[in-house]
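Heads up, the thing below is written out as structure tokens.
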Amino acid sequence: MSSPAPAPSTHFIHNIILDDLKSGRAETVVTRFPPEPNGYLHIGHAKSICLNFGIVQEFGGKCFMRFDDTNPLKEDEEYEQSILEDVRWLGFDWEERLTHASDYFEQLYGYAEELIQQGKAYVDSLSAEEIRGQRGTLTEPGEDSPYRDRSMEENLTLFQRMRAGEFAEGEQVLRAKIEMVSPNLNLRDPVLYRIRKVSHQRTGTAWCLYPLYDFTHGLSDALEGVTHSLCTLEFEDHRPLYNWILDQLETPARPRQYEFSRLNLQHTVLSKRKLIQLVEEKRVAGWDDPRMPTISGLRRRGYPPEAIRRFCERIGISKAANNIDMGVLENCVREDLDPKVPRAMVVLRPLKLTITNWPEGHTEELDAPRHPKRPELGRRTVPLSKTVYIEQEDFSEEPPQGFQRLVPGGEVRLRNAYVVRCDEVVRDGSGNIVELRGTYDPDTAKGKKPEGRKVKGIIHWVSASRALPVEVRLYDRLFTAPNPGADQPEGNFLQDLNPDSREVLPQAWAEAGLAGTESGTRFQFERLGYFMTDPVDSCPEHPVFNRIVTLRDSWGGKNR
RNA sequence: UGGGGUGUAGCCAAGUGGUAAGGCAGCGGGUUUUGAUCCCGUGAUUCGCAGGUUCGAUCCCUGCCACCCCAGCCA
């Protein structure tokens, strides 16, 4: 059902796992994909999903699908469903391993008490501002809180009272007791717990204090038996804290964190903040707008999951900053779809061509393959009659050098049909070309070459009498600049929005056989690109096609 | 000017004290009823820069440069 899987790459994380397995440091591989349920997944997440789930498939291990839901203020149940749908759609299965950090709140609380008992954590009664004021800066050390040396008993009592709801939000926090002078800011007595008197999407009102990421993550990993905790580079600074916490506590397993660089894709944006801005300011039609780099956007556009996996394989895993060309992703789509999808002829911008020597009222049913290289995909018939639509851009009165299409007096083959010659250009009162009139060579059926002439060009067409009206939506990159905002005042990425990223053609003409196309069906419209019926707006009675990607075009003279 | 990272071809990315994989793009050619696909060929005297060690350095050492991340009771 899917194209041959690309060879798994041997990046540094792969090698680490291989070594750990070989040396016996780990018996199996256990990973996790840990999104916060506060937004939609995008192609950058796909890189992490493919890494975490993929590496485990290779070594026969397990991957947990774990929601990092420690901040009830920002998170919402509705995001969980979309995230699960996206991961599933990408082709991965967490089986029974769907977990939440909130599943461990009770155990986490216990670990926190343990830390207090060891004198490694204390309750701080400073305000958030005061704590910030004492944290120091990148170049100056921080100072100790006046509450840093409270007794273990007092800390324990205070922490228990925090849990009991005796304090207001922000009144107390639990902090790790590490060192305020560390050059690593994450080690300057980081906050472990804060009070939030809000209901949590899963635990309801059971808690009024919630653990922070640094305290939660490593312990959740340990509780799940995660062996390799893979995250992006910005957490590298957190690794000493990750290790510190696990070093203090007795846990069922000892996971290790490894970091890799996040994906950057040219001509789009992948930061949550910017994506939200696009949606909220209605620069796009929503999270699943086909121009969005979100999984839901790509899915709606028509990208197959196999193509996204292929892409993730192709770009590799490393620690170097990267800036990948959209063309790499697009090419993965072409590679995946080319051998799979049936061909069809659709004319986007019609120009009428009347075949003067064609018998009036006659229609011929031409036989054509659904796929040029895969006969097992079957055949189709395409009707041809006296008037056909051809693509406006396939005709030129003043052709540029190398133009291989129709010109006045010139010949071209109608794909799957006959060779035609253009005899006459018909104009309206304002001089616009409204019709072409020409003749066909009856002796050129089934690919037969015309006598003594070379016809290089082949163009697609649709018989006017049986043409099916369809809506076609052409999508292009969302931003004109490779790094949106990079060259704009204040980095305003919206300035680089591509005004032509979406073009709707309410009435294009498709070959008759496309009538009744079900939602979610993909085709290659010959010479134009890959298309899929829009999952939301298309129906068999009124097909709406999204352009997934154009065909490669080695002829420079065309718009894409 | 603290700490943590990264720098190998246009874009990704392996690699090792022994003379620079692979992919994508590009370019040239072939096949072709899609200017598609497919096939063949093609690029680094050089691995951010400068020194040093060595018979030999992209790899080890020293210094420098550039870029990214960190001062949430976000993740």
Side-chain angles (χ1 to χ4, degrees), chain A residues 6-7 9-12 15 34-36 38-39 68-71 73-75 101 124 126-129 131-132 135-142 169-170 172-175 182-188 190-196 209-210 212-214 216-217 231-240 259 261 266 272 313-325 327-328 331-332 334-335 338-339 343 345 368-369 371-373 402-405 413-417 419 444 446-449 455-460 524-529 550-558:
Chain A
S9 47
T10 57
H11 45 74
F12 76 101
N15 293 339
E36 183 185 16
N38 74 340
D68 226 330
D69 57 346
T70 58
N71 188 353
L73 249 32
K74 294 172 61 179
E75 296 149 10
D124 197 339
L126 253 27
S127 69
E129 299 69 49
I131 289 178
R132 193 180 317 127
R135 184 153 29 229
T137 67
L138 295 179
T139 50
E140 298 161 294
E169 283 189 17
Q172 316 281 357
V173 290
L174 183 73
R175 289 230 256 170
S182 172
N184 181 344
L185 306 218
N186 295 119
L187 262 18
R188 319 244 260 228
V191 174
L192 267 23
Y193 270 89
R194 79 299 222 186
I195 296 170
R196 286 263 187 281
L209 78 174
Y210 295 94
L212 277 92
Y213 168 84
D214 286 305
T216 308
H217 205 86
C231 62
T232 44
L233 249 26
E234 63 271 28
F235 292 100
E236 214 154 17
D237 282 352
H238 294 242
R239 181 159 23 101
E259 310 85 12
S261 54
Q266 290 183 5
K272 199 172 277 184
E313 201 62 57
R314 181 157 299 172
I315 58 177
I317 298 288
S318 76
K319 299 185 74 156
N322 58 75
N323 205 206
I324 290 166
D325 195 293
V328 178
N331 220 43
C332 289
R334 298 184 184 111
E335 288 173 19
D338 175 68
R343 312 287 129 127
M345 291 196 288
H371 192 289
K373 292 189 156 178
F403 191 76
Q404 293 177 11
R405 309 171 191 186
R413 176 175 292 277
L414 296 181
R415 174 84 169 147
N416 297 312
V419 169
T444 54
K446 304 216 186 324
K448 185 161 181 284
K449 306 255 191 304
V455 176
K456 265 195 294 186
I458 299 160
I459 64 174
H460 59 277
Q524 184 199 96
F525 291 170
E526 288 189 289
R527 305 209 308 130
L528 296 175
T550 61
L551 251 35
R552 259 176 81 182
D553 186 0
S554 61
W555 191 56
K558 286 269 78 359

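Throughout, a chain's letter reflects where its sequence line sits, starting with A, and its residues are numbered from 1.
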- Under the side chain to side chain contact (heavy atoms under 4.5 Å, CB included) rule, collect the residues that match up with Leu233(A), sequence neighbours excluded. Glu236(A), Glu259(A), Ser261(A), Lys319(A)

- For Ile458(A), the side chain to side chain contact (heavy atoms under 4.5 Å, CB included) test, sequence neighbours excluded, returns Arg413(A), Arg415(A)

Heteroatom pairs (N/O) under 3.5 angstrom, protein to nucleotides 71-75 of chain B:
from    : atom 1 : to        : atom 2 : distance (Å)
rA71(B) : O2'    : Arg135(A) : NE     : 3.3
rG72(B) : OP2    : Arg135(A) : NH2    : 3.3
rC73(B) : OP1    : Arg135(A) : NH2    : 3.1
rC73(B) : OP2    : Arg135(A) : NH1    : 3.1
rC73(B) : N4     : Leu126(A) : O      : 3.1
rC73(B) : N4     : Ala128(A) : N      : 2.8
rC73(B) : N4     : Gly170(A) : O      : 3.3
rC74(B) : OP1    : Arg196(A) : NH2    : 2.9
rC74(B) : OP2    : Arg194(A) : NE     : 2.9
rC74(B) : OP2    : Arg194(A) : NH2    : 2.6
rC74(B) : OP2    : Arg196(A) : NH2    : 2.8
rC74(B) : O3'    : Arg194(A) : NH2    : 3.3
rC74(B) : O2'    : Asn71(A)  : ND2    : 3.3
rC74(B) : O2'    : Lys74(A)  : NZ     : 2.9
rA75(B) : OP1    : Thr70(A)  : OG1    : 2.5
rA75(B) : OP1    : Arg194(A) : NH2    : 3.1
rA75(B) : OP2    : Tyr213(A) : N      : 2.9
rA75(B) : O3'    : Asp68(A)  : OD2    : 3.3
rA75(B) : N6     : His238(A) : NE2    : 3.2

- Message: Can you tell me which nucleotide in rG35(B), rG3(B), rG15(B) comes closest to the side chain of Ile458(A)?
- Response: rG35(B)

- Selected nucleotide, minimal atom distance to Asn331(A) side chain, candidates rU33(B), rC24(B), rA13(B):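 Among rU33(B), rC24(B), rA13(B), the one nearest the side chain of Asn331(A) is rC24(B).
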
- What integer distance in Å separates Arg239(A):CZ from rG3(B):C1'? 13 Å

- Euclidean distance, atom CG of residue Asn15(A) to atom P of rA13(B) [Å, nearest integer]: 15 Å

Mind checking what makes side chain to side chain donor-acceptor pair (under 3.5 Å) contact with [X], not counting sequence neighbours?
{"X": "Lys272(A)", "answer": "Asn38(A)"}
{"X": "Thr232(A)", "answer": "Glu234(A)"}
{"X": "Glu140(A)", "answer": "Thr137(A)"}

- For Asn184(A) and Asp237(A), indicate whether the former's side chain and the latter's backbone hold a donor-acceptor pair under 3.5 Å. yes

- What residues, two or more places apart in sequence or in another chain, satisfy ring-ring contact (aromatic ring centres under 6.0 Å, His included) together with His217(A)? Tyr213(A)

- Task: Taking ring-ring contact (aromatic ring centres under 6.0 Å, His included) as the test, write out the residues that go with His371(A), two or more places apart.
- Result: none

Protein N or O to nucleotides 65-68 of chain B N or O, pairs below 3.5 Å:
none

- Item | Base rG3(B) paired with Asp237(A) side chain (donor-acceptor, <3.5 Å) | yes

Protein-nucleic acid N or O pairs under 3.5 Å, nucleotides 38-41 of chain B:
from    : atom 1 : to        : atom 2 : distance (Å)
rC38(B) : O4'    : Lys373(A) : NZ     : 3.0

- Query: So what's the dot-bracket for RNA chain B: Watson-Crick or G-U pairs under 3.5 Å, [ ] if a pair crosses, | if it pairs off-strand?
  - Reply: .((((((..(((.....[...))).(((((.......))))).....(((((..]....))))))))))).....

- Message: Can you list everything that forms a salt bridge (Lys or Arg N to Asp or Glu O under 4.0 Å) with Arg135(A)? Sequence neighbours excluded, please.
- Response: none

